[in-house]
Amino acid sequence: MSSSISLVRCIKNNIRSMRFSSYRIQYLVIATVFLGFYLLFSQVMEIKNLQKKQLRALDAKQFNLNPVQSNTAVASSKPKYWLAAKSADTPHMEHVRNVFKAAGFDRWDTKTGTWDVMWSYDYPFPSKVSPSNLKPNQLINHFPGSGYLTSKVYLASSKSRYIPTAFQLPKDKEDFKKHVQNNPDKLWVQKNNQHRGITIKAMKELNLDASNSFVQEFVKDPLLVDGKKFDIGIYTVITSVDPLRVYVYKGEWLIRYCPEPYLPLDVNNPNKYVVADDYTPTWEMPSLRYMYNKLHMSHKNSLLEFIRSLEKNPEKLEADIYSAVAEIIREKQNDIKSAGASYPYGSDSFFELVRFDFVLGADLKVYLMEVNMSPNLSSAHFEVNALMYEQVVFNTLTLAGVATRTSRIGLKSPGSEENIDVQQRDISVYDTQCIKCENCDTDICKLCATCLSHQLQNDLTTAYLEHTNKVRSQRVIPPPMTPEHKEDFTDLPERDRLTALWFKGMCLKDTAWCN
């Protein structure tokens, strides 16, 4: 009996031992399965991360996107801008620095690497940039030869209806004397390229033998606001001179009022008729401050509404101002083209921001006083203007293709890579006529895909991008159009003519292009 009991106990112990071993095996199997799933999941996630990195790299290459930067060593891959100015680190250039930083640029250290965009305060040719050291992916904020536009002497010699009568000295001295004899009541000022500000002088006080100077008729019956004379600054961007493309910044005008009332005129008190840094701002003008301060209207619109209150036509004034800008730049185009002929990449390497300064006659006639190269962009005198200056700089960089993802910066050569924002189908025009083209003899046929040259395609692609990036600017060259526009542009050089005809074709397709 005892042996039977012992046997039963032995069997029970073996069963318990087997149960314990079975549990251990089950736990081991489960743990192994979980470990396998974990390793498989880790490998899958690693593969997905690698795929994402490859896709980002592919997108950046295909769409020309700047990668998102961090505070690590990757930041060195940002594009670089060269701020070439004696006052580069002062508040004078603060707004230029701010906009480049916001656009994703690093300031170029002149001791390392190279630069992508130069923003130079002074004329940089050839001391800083010459044909031999310019790279195809670099952009500069001046055109070689822009002095033909911004030089006071060259500008005064223009025979434009918008420029007061002027005589270059000493070359035109005798002609000037005859003119004075026939117009004894006119007032005159003498200017040169270095001189800022003017004073009215009597004939006997003028130095008619001074070289590199000129005398110009003084506009003695100006339009006044609250008794004060003023001038109007129009920020203007030239993106190409061949073909010529020009935009004005219409979001805001710089309007400066003299410190003292114009009348009675005292030629010995320039504060009555000369605008300087201590000008009176819009918000202090009695007839304008309600519109500017309370209604939050711009400098530009405050003035235009004041002009409307005089029962004059502000829309015609604006059109005349923009017409003057276009006419003057068109006149200087060939001189600027010739000056830049030795630079290997043509207009693709340059853009320019200038400011046209106008005064108005009492009859709203427009008079151009000067064109400023590197116009003042400092809000040191009036901090309220800070945003306006930064908007002007940003608008300039977007038109130049610098502050957008479709940037020209970093391309091996301008227009050499496809862009997500524009393809050849986007720039096609005159479809009905193109179907009938049997050769490339006519201007319309030259715009068709079967005849489109590489150079013209590059011109039109850049023009397309400028239009989509113009923000608050208006195109003045080629001129704004309507679908009924009758001008045939036959008097223009071929590249200008074809570009203007293309804009007309885009206007016919979509009125948003009529500007």
Side-chain angles (χ1 to χ4, degrees), residues 81-105 107 117-123 139-142 146 150 196 230-239 246-257 275-285 288-289 292-293 296-304 318 321-322 325 351-358 369-404 469-474:
Y81 75 99
W82 178 9
L83 190 55
K86 294 179 182 179
S87 57
D89 295 308
T90 69
H92 182 73
M93 302 298 289
E94 177 183 5
H95 301 308
V96 175
R97 297 193 304 267
N98 288 347
V99 175
F100 269 105
K101 182 178 180 181
F105 279 73
R107 180 104 170 259
V117 180
M118 170 192 280
W119 188 282
S120 179
Y121 184 78
D122 297 316
Y123 187 74
L139 287 174
I140 302 160
N141 72 319
H142 295 292
S146 61
T150 59
R196 288 195 67 196
F230 62 95
D231 68 4
I232 299 173
I234 305 297
Y235 292 100
T236 303
V237 181
I238 307 171
T239 57
V246 181
Y247 301 81
V248 292
Y249 182 70
K250 64 178 300 181
E252 182 61 288
W253 295 349
L254 178 66
I255 305 177
R256 306 175 298 179
Y257 301 86
V275 173
D277 290 337
D278 58 345
Y279 65 89
T280 304
T282 300
W283 54 86
E284 293 181 6
M285 299 295 292
L288 307 178
R289 58 191 175 199
Y292 186 86
N293 295 332
H296 298 287
M297 294 168 60
S298 63
H299 301 294
K300 170 188 172 182
N301 289 339
S302 298
L303 175 64
L304 293 182
E318 187 169 5
I321 287 175
Y322 297 160
V325 170
F351 65 97
E352 183 118 18
L353 170 67
V354 295
R355 193 187 71 220
F356 281 67
D357 288 347
F358 295 92
M369 295 290 102
E370 62 180 326
V371 180
N372 291 278
M373 183 186 77
S374 297
N376 176 39
L377 296 169
S378 170
S379 59
H381 287 279
F382 300 107
E383 292 184 7
V384 174
N385 287 336
L387 180 59
M388 177 185 72
Y389 291 133
E390 294 195 1
Q391 287 175 330
V392 168
V393 175
F394 176 73
N395 209 95
T396 301
L397 296 184
T398 59
L399 280 170
V402 172
T404 66
N469 291 324
K470 62 188 175 68
V471 194
R472 303 180 74 190
S473 293
Q474 174 179 313

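Fair warning: this is a prediction, and the values are worked out from it, not measured in the lab.
For the residue pair T282 and S302, the shortest heavy atom distance occurs at CG2-CB, 4.3 Å. Nearest heavy atoms, V354 versus E352: CG1-CG, 3.7 Å. For the pair K250 and Y322, the tightest heavy-atom approach, listed with the atom from each and the gap, is CB-OH, 3.4 Å. Annotation for H142 and S120: closest pair NE2-O, 2.7 Å, computed over non-hydrogen atoms. L288 and Y257 make their closest contact through CD1-OH, 3.0 Å (heavy atoms, listed as atom of the first residue, atom of the second, distance). M93 and L83 make their closest contact through CE-CD1, 3.6 Å (heavy atoms, listed as atom of the first residue, atom of the second, distance).
Side-chain contact between Q391 and V471 is absent, with no heavy-atom pair separated by less than 4.5 Å. A 4.5 Å side-chain heavy-atom check between E318 and L304 finds at least one atom pair inside the cut-off. Taking 4.5 Å as the limit, every side-chain heavy atom of R472 sits out of range of all side-chain heavy atoms of E252. Between L353 and Y235, the closest side-chain pair of non-hydrogen atoms falls below 4.5 Å. Side-chain contact check for V117 versus F100: some heavy-atom pair is nearer than 4.5 Å. Using a 4.5 Å cut-off on side-chain heavy atoms (C-beta onward), V237 and Y249 make no contact. When side chains are defined from C-beta on, L303 counts as touching F230, because their heavy atoms get closer than 4.5 Å.
E94 places no side-chain N or O within donor-acceptor distance of the main-chain N or O of S378, the cut-off being under 3.5 Å. Proximity of a side-chain donor or acceptor of N469 to a complementary backbone N or O of L399 within less than 3.5 Å is not detected. A donor-acceptor pair under 3.5 Å links the side-chain atoms of R97 to the main chain of T90, judged by distance alone. Counting only distance, with no hydrogens or angles, the side chain of T236 and the backbone of I234 share a donor-acceptor pair below 3.5 Å.
A salt bridge does not link D122 to K86: none of the charged side-chain nitrogens sits closer than 4.0 Å to a carboxylate oxygen. Salt-bridge annotation for D89 and R107: present, with a side-chain N of the basic residue lying under 4.0 Å from a carboxylate O of the acidic one.
With rounding to the nearest 0.5 Å, the separation of OG in S146 from CG in N141 is 9.0 Å. I232 CD1 to M369 CE: the interatomic distance, rounded to the nearest 0.5 Å, is 11.5 Å. From R256, atom CZ reaches atom CG of D231 across 4.0 Å, with rounding to the nearest 0.5 Å. The CG atom of D277 sits 8.5 Å away from atom OH of Y279, with the distance rounded to the nearest 0.5 Å. Taking CZ of F382 as the start and CG of L254 as the end, the distance is 10.0 Å to the nearest 0.5 Å. Here I255 contributes atom CD1 and T280 contributes atom OG1; the two are 13.5 Å apart, rounded to the nearest 0.5 Å.
Taking the six-membered ring for Trp and thresholds of 30 and 60 degrees, H299 and Y292 have nearly parallel ring planes, at less than 30 degrees apart. The aromatic rings of Y121 and H92 lie perpendicular to each other, with more than 60° between the two planes, well past the 30° mark.
In this structure, F358 has its ring center no closer than 6.0 Å to that of W253.
Between the side chains of S379 and H95, at least one donor-acceptor pair of N or O atoms lies under 3.5 Å.
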Practice task
Could you walk me through whether H381 and D278 pass side-chain contact (heavy atoms from CB on, under 4.5 Å), step by step?
Solution key: CA-CA 7 Å; H381 287 279; D278 58 345; 5.8 Å; no
Exercise for the section: For the pair F105 and W119, evaluate ring pair (Phe, Tyr, Trp, His ring centres under 6.0 Å) and give the outcome as yes or no after the intermediate values. Expected result: CA-CA 12 Å; F105 279 73; W119 188 282; over 10 Å; no
